[in-house]
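Read the numbers this way: they start at 1 and go in the same order the structure lists the ligands and their atoms. Small disclaimer: the values here were computed from a predicted structure and weren't measured. FYI, the numbering just counts along the sequence from 1.
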Amino acid sequence: MTHLAVSIFVENVAQAHAAAALAAEHGADLVEYRIDNFTEDHDENITLVQESPLPCIVTCRPTWEGGDYDGDEMERISLVEHIGMGTRSDGTVSKRRPAYLDIELKAFDSSANLKQKVELVVDHPQQHRPVDTGLILSTHDFKQRPADLFQKLEKMLMADSCRVVKAAWMARSLRDNIEAFELQSSKHKPTIALCMGEFGLPSRVLAKKFGALLTFVGQNDEEVTAPGQVGIRTIKELYRWDQLNASTKVYGVIGWPVAHSMSPAIHNAGFDQVDHNGVYLPLPIPPEYEHFKATVSTWLDFKPLHFSGASVTIPHKENLIRYVEEMDGEVEPLAKTIGAANTLTVREDGSLYASNTDYAAAIDALCDAMGIEREALKGVKVGVIGAGGAARAIVAALAHYGAETTIYNRTLERAENLAKEFSNSTSQIKSAELEALKSAEAKILINCTPIGMHPNIDDIPLPDSSILTSDMVVFDTIYNPIQTQLLKDAQGAGAQTISGVEMFTRQAMGQFELWTEQSAPRETFEKVVLNKLNADK
Ligand code: NAP
């Protein structure tokens with residue numbers, strides 16, 4: 001069983017116990033008391049353990065290992081010994097001891113005297129007294145994976161009194177997690193292996209999948225004791241901790257940056273709804289193709305991970321096509337035409353499939369709102385504002401169905417190139433500068449620029465709103481805010497409006513269906529998106 005251990009910086013006994021009780025309510029089954037700054041009164045520390053609402057790990061981390069304790073080393077070890085013995089200054093002995101004491105390997109190795117003191121209070125083969133407390137030997141590196149990690153692990157494994165091996169290091173890329181997963185699965189001794197920082201989240205969430213002794217969580221996302229730690233409710237509710245097991249399939253959103261993506265909330269809620277054994281994580285990969293290739297390949301090669309698919313966003317949509325082609329996978333012809341794919345699917349036989357769900361999402365959001373079939377777009381005058389990635393998918397669809405499209409863009413050349421690329425025998429696409437929107441004669445107007453997006457919510461992508469009329473349909477691909485100023489002005493003019501939320505929800509549904517082969521729970525998706533966007537207001 002993998003414990004969920006909430007880690008708490010102790011300020012006083014009452015505060016620490018209240019935090020531990022709350023953590024227990026939220027599902028933690030272990031608490032780590034970080035007493036780095038709470039070392040004055042030994043009796044208080046004994047009360048901390050004696051009356052703890054949960055079994056506890058006690059850790060007094062020195063500054064030289066990334067903690068806050070900067071006092072005398074022998075005093076620190078005496079404190080640990082005191083807590084382990086449970087003897088108060090009046091000679092009475094506490095009935096309860098810590099479940100674990102955490103001591104840094106570096107300290108343990110530094111002096112025989114110190115080692116002896118620690119071994120007095122923990123369980124080990126030569127221990128004569130009945131002691132339950134287990135010793136966690138730990139090593140931390142806040143900069144990188146330590147070059148001598150294996151030597152350190154070896155020493156911990158060899159130490160008779162070491163019950164648990166702990167290694168934590170700053171991940172420099174998502175690839176570092178693989179080594180953490182391997183350590184978590186090792187059977188020599190119970191292990192805690194965690195990567196720190198933004199790249200390390202998978203090692204924290206998937207610790208249960210790989211059978212680690214525990215993962216550490218904060219009381220909430222803000223009150224954490226290590227970089228990259230998340231709050232207990234996030235791991236339980238967003239990342240579905242209770243459902244994770246060895247065969248859980250792993251998905252995620254690949255992009256740079258991805259920290260604020262709504263996709264983890266949407267897909268995890270969807271998996272929950274249809275009982276799909278999956279978990280979906282943010283997967284930050286730096287922009288260069290080599291990073292994309294190295295990371296995705298490493299994750300795919302590590303079979304126990306069951307890496308099964310990903311949403312792929314800026315700046316990797318072109319990289320995905322290139323990668324899947326290089327790996328002899330299949331690229332959806334449409335994605336190839338558009339030149340961008342937003343979905344990676346790993347099929348049961350391990351082969352890769354890259355596809356684009358933005359195209360169908362955009363065109364169906366438009367047609368469904370208008371109550372028409374895609375084919376009815378033939379000959380309809382459409383103005384597309386913008387010539388970037390979103391515009392490409394939409395222009396490809398409009399061209400395919402024969403709409404009379406004009407692309408308006410700040411950089412005219414880009415609009416011209418896009419128009420040239422997608423013009424065909426049934427659809428001659430025009431291009432123009434943004435200024436030309438003043439005289440646009442479009443029945444449908446689609447904004448594919450970020451103008452009006454949070455936080456610049458008062459901006460509109462038009463020279464002025466007077467071109468908006470009641471017989472128009474205005475589609476803003478922006479989804480944050482839900483109602484952009486453009487949509488508000490369009491409504492004011494009596495036009496029909498479509499929010500980017502429609503497109504966003506549909507592209508996610510398309511991905512979900514590819515991965516799970518089940519219908520996406522639309523209502524759940526919409527609810528999550530709207531809750532998230534309303535919470536961000
Ligand atoms: P992109 O590839 O970077 O393209 C951005 C486009 O907007 C370019 O044509 C750019 O013009 C134009 N632009 C940017 N800032 C501008 C400004 N200040 N003034 C005038 N034009 C400006 O981005 P993208 O991937 O196409 O995304 C564009 C927007 O679409 C996003 O902001 C997002 O809100 C929306 N989107 C929505 C969904 C959805 O599911 N609802 C999906 C994808 C995108 P230049 O060519 O002159 O640089």
- Pick one: which of His306, Gln511, His276 meets side-chain hydrogen bond (donor to acceptor under 3.5 Å, both in side chains) with Tyr251?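 With Tyr251 as partner, His306, Gln511, His276 yield a single side-chain hydrogen bond (donor to acceptor under 3.5 Å, both in side chains), made by His276.
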
- Residue set satisfying side chain to side chain contact (heavy atoms under 4.5 Å, CB included) with Asn531, at least two apart, ordered chain then number -> Lys527

Do the side chains of [X] and [Y] get close enough for a salt bridge, i.e. N-O under 4.0 angstrom?
{"X": "Glu502", "Y": "Arg506", "answer": "yes"}
{"X": "Arg240", "Y": "Asp272", "answer": "yes"}
{"X": "Arg347", "Y": "Glu330", "answer": "yes"}

- Task: Looking only at non-hydrogen atoms, find the nearest pair between Ile321 and Ala335 and report the distance.
- Result: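 Closest approach of Ile321 to Ala335: CD1-O, 3.4 Å.
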
- Message: As a test of reading the model: which residues have a non-hydrogen atom less than 4.0 Å away from ligand 1?
- Response: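 Those residues closer than 4.0 Å to ligand 1 by some heavy atom are Ile314, Gly386, Ala387, Gly388, Gly389, Ala390, Asn409, Arg410, Thr411, Arg414, Leu434, Cys448, Thr449, Pro450, Ile451, Met453, Thr477, Ile478, Tyr479, Gly500, Met503, Phe504.
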
